[in-house]
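These notes concern the structure reproduced below.
Protein chains get the first letters and strands the later ones, always in sequence-line order, with residue 1 at the start of each.
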Amino acid sequence: MTSIGTGYDLSNSVFSPDGRNFQVEYAMKAVENGGTSIGIKCKDGVVLAVEKIINSKLLVPGKNKRIQTIDKHIGVVYSGLLPDGRHFVSRGRDEAQTFKSFYKTPISVPHLMDRLGIYVQNYTCYNSVRPFGVVSIVGGIDSNGPHLYMIEPSGTSWGYSGAATGKGRQTAKSELEKLDYETLTVREAVKVAAKIIHQAHEDNKDKDYELEISWISLEETKGLHQFIPDDLLAEAIKYAKEDEDDDEEDEEMES
Amino acid sequence: MFRNNYDNDSVTYSPTGRLFQVEYALEAIKQGSAAVGLVSKSHVVLAALKRNAEELGSYQKKIIKIDDHMGIALAGLAPDARVLSNFLRKQAMSSKMIFNRPLSTSKAVLSIADKAQENTQSYGSRPYGVGLLIAGYDETGAHLYEFQPSGSVLEYYGAAIGARSQAARTYLERNLDTILETDSVEDLIVHGLNALRDTLSQDVELTFKNTSVSVVGKESGFTIYDDEEVQQWLDKLDSVSNARNRDDDDNDNNEDSNTNTNEETTTTTTTNTNDNENPASEETTTATETAPEDDTNTTTDPSGDRMETDD
Amino acid sequence: MNGITVDINHLKKGEVNLGTSIMAINFKDGVILGADSRTTTGSYIANRVTDKLTQIHDTIYCCRSGSAADTQAVADMVKYHLQIFSAQLPPDEKPTTEIAANVFQEICYNNKDNLTAGIICAGYDPKNGGSVYSIPIGGSIHKQDYAIAGSGSTFIYGWCNEHFKPSMEKDECVDFVKTALSEAIKWDGSSGGVIRMVILTATGVERLIFYPEDYQK
């Protein structure tokens, strides 16, 4: 790595001669080994899912949730340094509430992303702070329909149809690319998400994982961000593990 | 001792995305004596090993009451724990005053977690140097959380922090099913003390002076048993000393040991190929490994604890 | 002032007052705002051709009553907030009337002890069509099919209630506003001058003006 030893990577907010901020790049490294998170934007809503790595069998199953809610209609999942993720969510909630108390109307997803982008970017500008060690996938529904965004430690955020981050992101991305987002419904996407996380877990197979899925849809959840019901989760897990050997068949079923 | 350029403060990432200052803070927990926590359906038990600086000195308090329904056990820097417990007490009081309702365990834990996270992302303050086990009983039942200076909190059925805590975790994992099923508070405490006993070095025994126990649950508010009061529980143990050969045991059980720190992230970095950024760990651990066992201070469990840091 | 009853006559000596007749009403294609044009300082008419219909955004307007200085300042503030807000919207989108009205309400409520401002905020946006919000002194907000306000409005409550119909045609609605305001002007000493109207629809803004000889029967 050319960054090491030059001294340009020892402090945040410092450019190297070729115009890079190494501390931001290192922050991305913290993300790249985290459990895989994905988001799928469907015609009628958004599905978020995460591969929650279980490091100890003493952990209480089903607790220690990784998907969080920013506002009633907006959910978020992230990979990387989890405490940083909670900081991010907490700021998101502040922004959403500030907006709502002034304009008396829920914040739109793009506008929230604008505000959070500014906040995250700020943490790349000063040597007294470090960039966020998370990549967050934010999904929500507003008056303009479903939205899905992914925001990086640099503060850049892009809109996506299918987004993936964390250790298994490459596998997940190649699966996400096969989906038809014009026709996909959230109910279908829940199963697809379970399958993708299952496939992405191949990259981290030595550890157990727990699957967490949430959705937002006008039909299914009245526009609220919620965890999917237990029976649907069980069904999705079953589907994901169904025919682990023959991947070809599943892909046909998905599209 | 090795030094590297990336471990001076908590606002600098290493090239692999690690925060060494935060990881070192996690090491501070292991300098403290062990604390163990475990839950049944209706109760949470904390058990901790107290230390005294000298023979005639008093023992450092290890379990702190937060409210009638909540308490913490600590390992690491006790002053930091006092800051956090004072904060928790304020939270608990304002919850009662504003909402007329006891503070929920999860909210309590997240509030100090967010506080700890701030210290890992800005220059000028250090991360907290203490690990906590938070035991609480609220409207959603009995809960046990582990708090770490990284700002991570996780809910456990059983957890152990501090020196040689891996041995206690091993005990808890082996007996998890019976612990979860037990209806008897007494059994729960005995399991807690058994786990704690496994963290002892060979020349130390559990006594009513060095052992603290607390219970919180459905009918009972948070109660701490210290000194003479703890003897009743010690009497129920088959032995008060660590019978097993600790070193062998630890090496056996490294595999499934992980108390994760920040994240599930850097599991792969245990074997560090990059000399330049390899922090003190390798060197220090070998140093203490060869040193004679000294339970008052440098109680390090080289192999088991190494796993913890790097995860 | 005790917070429950609000003294609307606490203008400073010589402060310019919009002793006023204003109204806004939803109709089939959007919304019409109407106002007289008299601004008084005590018994002196400071301006006899005032424009009390102030643009907040492309197709969002407000009718101002109360202190001229206060309402101009509040309108400026809301205008500023809406500019900031719309700059952060996608390029093809505009703020809704609801947003503008809520900002009016927020400012009027937070500064209620220092303001004499009775505002009607009305506008057209593609999502909701025409909408009318009344933000009277005190800083409450009321969504209505039509709203009347100002000192002259007291004289036309009954007439408006009797003759209002939802979804009127444009010409019918213009007549409604013209008749209502002419009556208000007739009976209220602090209202007078011309009748101004703004019509906000999908096609944009249309302004009308009626001179005393046009509206006096």
Looking at every non-hydrogen atom in both residues, tell me the closest pair between [X] and [Y] and how far apart they are.
| X | Y | value |
| --- | --- | --- |
| B:P15 | A:K29 | O-CG, 3.4 Å |
| A:P83 | B:S152 | CG-N, 3.6 Å |
| A:A27 | B:Y13 | CB-CE1, 3.5 Å |
| B:G17 | A:A30 | O-CB, 3.3 Å |
| B:Y156 | A:V60 | C-CG2, 3.4 Å |

- A:N12, A:N64, A:L10: which one forms the most heavy-atom pairs within less than 4.5 Å of chain B?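 Of the options given, most contacts go to A:N64.
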- Query: Which one, A:S11, A:P131, A:G133, leads in non-hydrogen pairs under 4.5 Å with chain B?
  - Reply: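 Of A:S11, A:P131, A:G133, A:P131 has the most heavy-atom pairs under 4.5 Å with chain B.
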Which region of [X], side chain (C-beta onward) or backbone (N, CA, C, O), has a non-hydrogen atom less than 4.5 Å from a non-hydrogen atom of chain A, or is it both or neither?
| X | result |
| --- | --- |
| B:V153 | both |
| B:S106 | neither |
| B:L176 | side chain |

- Query: To the nearest 0.5 Å, what is the distance between CG (B:L154) and CG (A:L58)?
  - Reply: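 The CG atom of A:L58 is 11.5 Å from CG of B:L154, to the nearest 0.5 Å.
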- Nearest-0.5 Å distance, CZ of residue B:R169 to NZ of residue A:K57: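 Spacing of CZ (B:R169) from NZ (A:K57) equals 13.5 Å.
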- Knowing that exactly one of B:T12, B:L19, B:D9 qualifies, which makes a side-chain contact (heavy atoms from CB on, under 4.5 Å) with A:R130?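 Of all the options given, the one that passes is B:L19.
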- Query: Can you name the residues of residues 85-94 of chain A that have some heavy atom under 4.5 Å away from a heavy atom in chain B?
  - Reply: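 Only A:R86, A:H87 of residues 85-94 of chain A have a heavy atom under 4.5 Å from chain B.
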- Task: Answer with yes or no whether the side chains of A:D9 and B:Y6 bring together a donor and an acceptor at under 3.5 Å.
- Result: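 Note: B:Y6 and A:D9 side chains meet the donor-acceptor criterion.
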- Query: Quick one: which residues of residues 121-142 of chain B reach chain A at under 4.5 angstrom, heavy atoms only?
  - Reply: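 Counting heavy atoms that sit under 4.5 Å from chain A, the residues of residues 121-142 of chain B involved are B:Q121, B:S122, B:Y123.
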- Message: Using only non-hydrogen atoms and a strict under-4.5 angstrom cutoff, which residues of residues 111-118 of chain B touch chain A?
- Response: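 Those residues of residues 111-118 of chain B which have a heavy atom under 4.5 Å from chain A are B:A113, B:D114, B:Q117.
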- Query: Does atom OH of A:Y8 have more than 12 heavy-atom neighbours, drawn from other residues, nucleotides or ligands, at distances under 6.0 Å?
  - Reply: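 Count not over threshold, so no.
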- Message: For A:K65, I'd like to know if atom NZ has over 12 heavy atoms of other residues, nucleotides or ligands within 6.0 Å.
- Response: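 Yes, enclosed.
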- Given that the side chain runs from C-beta out, which part of A:N127 has a heavy atom under 4.5 Å from chain B: side chain, backbone, both or neither?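 Just the backbone, heavy atoms under 4.5 Å.
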- Query: Checking heavy atoms, do the side chain of A:Y126, its backbone, both or neither come under 4.5 Å from chain B?
  - Reply: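 For A:Y126, there is no contact with chain B at all, as no heavy atom is under 4.5 Å.
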- Message: Please enumerate all residues that pass side chain to side chain contact (heavy atoms under 4.5 Å, CB included) together with B:V190, with sequence neighbours excluded.
- Response: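 B:V190: side chain to side chain contact (heavy atoms under 4.5 Å, CB included) contacts with B:N194, B:K236, B:L237.
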